[in-house]
Every structure is written in structure tokens, then in C-alpha cells.
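The structure under discussion appears below in the form of C-alpha cells.
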Amino acid sequence: MLKVDVITLFPEMIEGAVSHGVLGQAVKSDLLSVKAHTPREFTEDKHRTVDDRPFGGGDGMIMLAEPLKKTIEKVQHNTSKVVYLSPQGRTLNAAIAKEFSKEEHLIFICGRYGGIDQRIINEYVDEELSIGDYVLSGGELGALVIIDALARFIPGVLGHGESAEKDSFSDGLLEQPNFTRPREFLGQDVPEVLVGGNHKVIGEWKDKVSALVTLKKRPDLFREYIKVETEKYNSLKKKKTAAPIKELKEFFLNLPPQEREVLGLADLREEDFNV
Ligand code: 4HQ
């Protein structure tokens with residue numbers, strides 16, 4: 001079981017978020033444990049002070065080193081990986097979430113105000129991690145985002161048929177659009193192949209639509225995907241199909257206008273395939 005300890009001034013933020021949905025189920029099934037700890041517990045003064053003004057001035061209070069040290073040392077052991085949430089860290093992606101899901105013990109340090117005393121980072125932190133290029137008011141939402149994303153890679157967390165490997169980004173593609181009842185809504189029909197019941201044909205159709213959606217919305221991801229698929233194709237001895245990009249263009253050109261519309265691909269052009 002992966003153990004996660006979160007060091008935070010707001011333990012309720014963590015406890016609340018991990019008690020619902022997929023995360024809540026993972027914790028209940030003992031596939032994951034998440035515990036929150038507050039440095040305030042290790043203060044000795046009357047006001048339970050956890051922060052102070054920065055030496056040299058500047059705005060924002062800084063979290064005191066001593067209560068953080070005591071909290072870290074309460075939970076840390078030899079196999080712990082200590083992570084500090086910070087915009088200065090590597091930016092989270094699916095590959096990093098998957099790496100982290102294989103650790104046995106993670107400690108997330110969540111800063112508030114102007115952050116934490118640098119000496120805690122120097123002494124205890126193995127890695128700084130960011131969830132994106134914007135500023136949060138605290139590391140808690142960052143820690144929760146990472147916990148949520150990594151939990152999906154723990155075997156047994158997702159239900160049968162579901163898997164993090166099939167999610168967007170795991171194979172480098174976005175997901176195809178999905179539809180449920182009714183078959184017609186606001187004059188838009190569900191694509192015919194999806195109601196036909198041929199699961200092999202449906203699977204191949206979904207993969208192609210995924211690639212087209214990625215081409216339209218994330219041409220950066222698409223270029224990487226098509227590079228990989230073209231290399232695979234070129235290393236094949238016997239070729240039963242045309243090159244991946246050509247196959248995909250043919251598939252698109254054969255899509256009826258109504259289906260392009262309902263898939264959000266109406267404004268994709270033949271020239272967009274020149275990547
Ligand atoms: N922080 N990704 C906590 C972030 C952040 C991010 C700014 C971390 C404020 C106190 N964390 N400090 N981006 O913006 O993780």
C-alpha cells in the first residue's frame with residue numbers, strides 16, 4: 001500500500017478531499033493511505049506560531065523551520081520521498097504521476113504565505129514539484145492534484161475495463177467524444193458505428209477519432225504521436241496499410257459532414273494533416 005503523509009496548516013482540506021469518489025474508495029480499500037499532519041502541533045508558545053517575517057524584509061510571512069522539522073521527523077523513514085510543492089519544481093505530467101505511484105512512502109510539504117524556510121528544503125526535500133505555471137495560495141491543492149493523478153496508476157484503484165493507461169496522455173492522445181442516450185439530441189445524431197455493436201470496428205474507429213481530436217486541439221501532442229507511429233510503421237517488413245498520417249487523412253475525408261459536426265471536427269481541413 002502506498003502511504004502518503006501531507007504536512008499542512010489545513011489538514012481538513014486534505015482529509016475532506018480524499019474521502020470522496022475514486023480517492024475515497026482507494027483509501028477505504030487500503031490501496032492508498034493519506035494522513036495529514038500539522039506543524040502547529042509542534043509549537044510551544046502560547047499563540048502556536050508557525051510563521052515569522054522574512055529576514056531582509058519583503059512581503060509574505062515564512063513558515064518557521066522548527067515546527068516543520070519536527071513534523072517531518074515524526075513521519076519520515078529511510079524509504080520516504082519528501083516533496084515540496086513549489087512553482088520552482090518540475091511540472092507534473094502523467095509520466096511523473098506514474099513514477100510517484102510506485103513509491104512506498106511520500107511526504108508532501110505544503111507551504112502557505114510566502115513559503116517555507118529554505119533550510120528545510122536544503123535538509124529534507126528530495127524533489128520540488130509544481131502543478132503548473134501559476135501561483136496558488138498554498139501547496140494543498142497541488143498535493144491533492146498529485147495524489148489524485150497518481151492514485152489512478154495504483155493497480156486496483158480504477159474499476160475493471162478502466163485503466164490509467166487508457167486515459168488521455170498515457171498513449172499520447174486525447175480521448176474521443178462520448179455519447180449516451182438518447183441517440184438523437186438537439187438535432188445531433190450519435191455516430192452510426194457506435195450503435196452497430198461491432199467492437200473491433202468501434203475500437204479502431206475510436207482510436208482514429210482520438211487522433212483527429214488531438215490533431216485539432218493539441219497539434220503539439222499529435223506531432224509526437226505521429227512521429228512514434230510512423231517509426232513503428234517504417235520498421236514493419238510487410239505493410240498492409242498506408243502510412244499512419246495518410247490512413248488518418250483518408251479516414252477523415254470519408255467521415256460524413258454530420259459526423260464531423262457531432263465530433264467537433266467540422267473545421268478540420270485537409271491541409272491540417274501537413275504536420
Ligand atoms: N505554490 N504548484 C505553495 C504554488 C504551487 C504550484 C505557491 C506553492 C505558494 C506557498 N505549488 N506556495 N504552482 O503555486 O505547486
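Each ligand, and each atom within it, is numbered from 1 in the order the structure gives. Because the structure is predicted, anything quoted here is derived from the model rather than measured.
Here the CZ atom belonging to Phe108 is positioned 5.5 Å from the CD1 atom belonging to Ile147, to the nearest 0.5 angstrom. We find the NZ-CD distance between Lys98 and Glu165 to be 3.5 Å, quoted to the nearest 0.5 Å.
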Need the list: ligand 1 N/O atoms against protein N/O atoms, distance under 3.5 Å, rounded to one decimal.
unit_1, atom_1, unit_2, atom_2, d
ligand 1, 2 (N), Ile131, N, 2.9
ligand 1, 13 (N), Gly132, O, 3.1
ligand 1, 13 (N), Tyr134, O, 3.0
ligand 1, 14 (O), Tyr134, O, 3.4
ligand 1, 14 (O), Leu136, N, 2.8

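Looking only at side-chain heavy atoms (C-beta outward), Glu259 and Leu265 stay at 4.5 Å or farther from each other. Taking 4.5 Å as the limit, some side-chain heavy atom of Pro39 sits within range of a side-chain heavy atom of Leu9.
Taking the ring centre of Tyr233 as origin, the terminal cationic atom of Lys239 falls inside the region bounded by 6.0 Å and 45° from the ring axis.
Taking the salt bridge (charged side-chain N to carboxylate O under 4.0 Å, His left out) definition, one finds that Asp220 meets it with Arg218, sequence neighbours left out.
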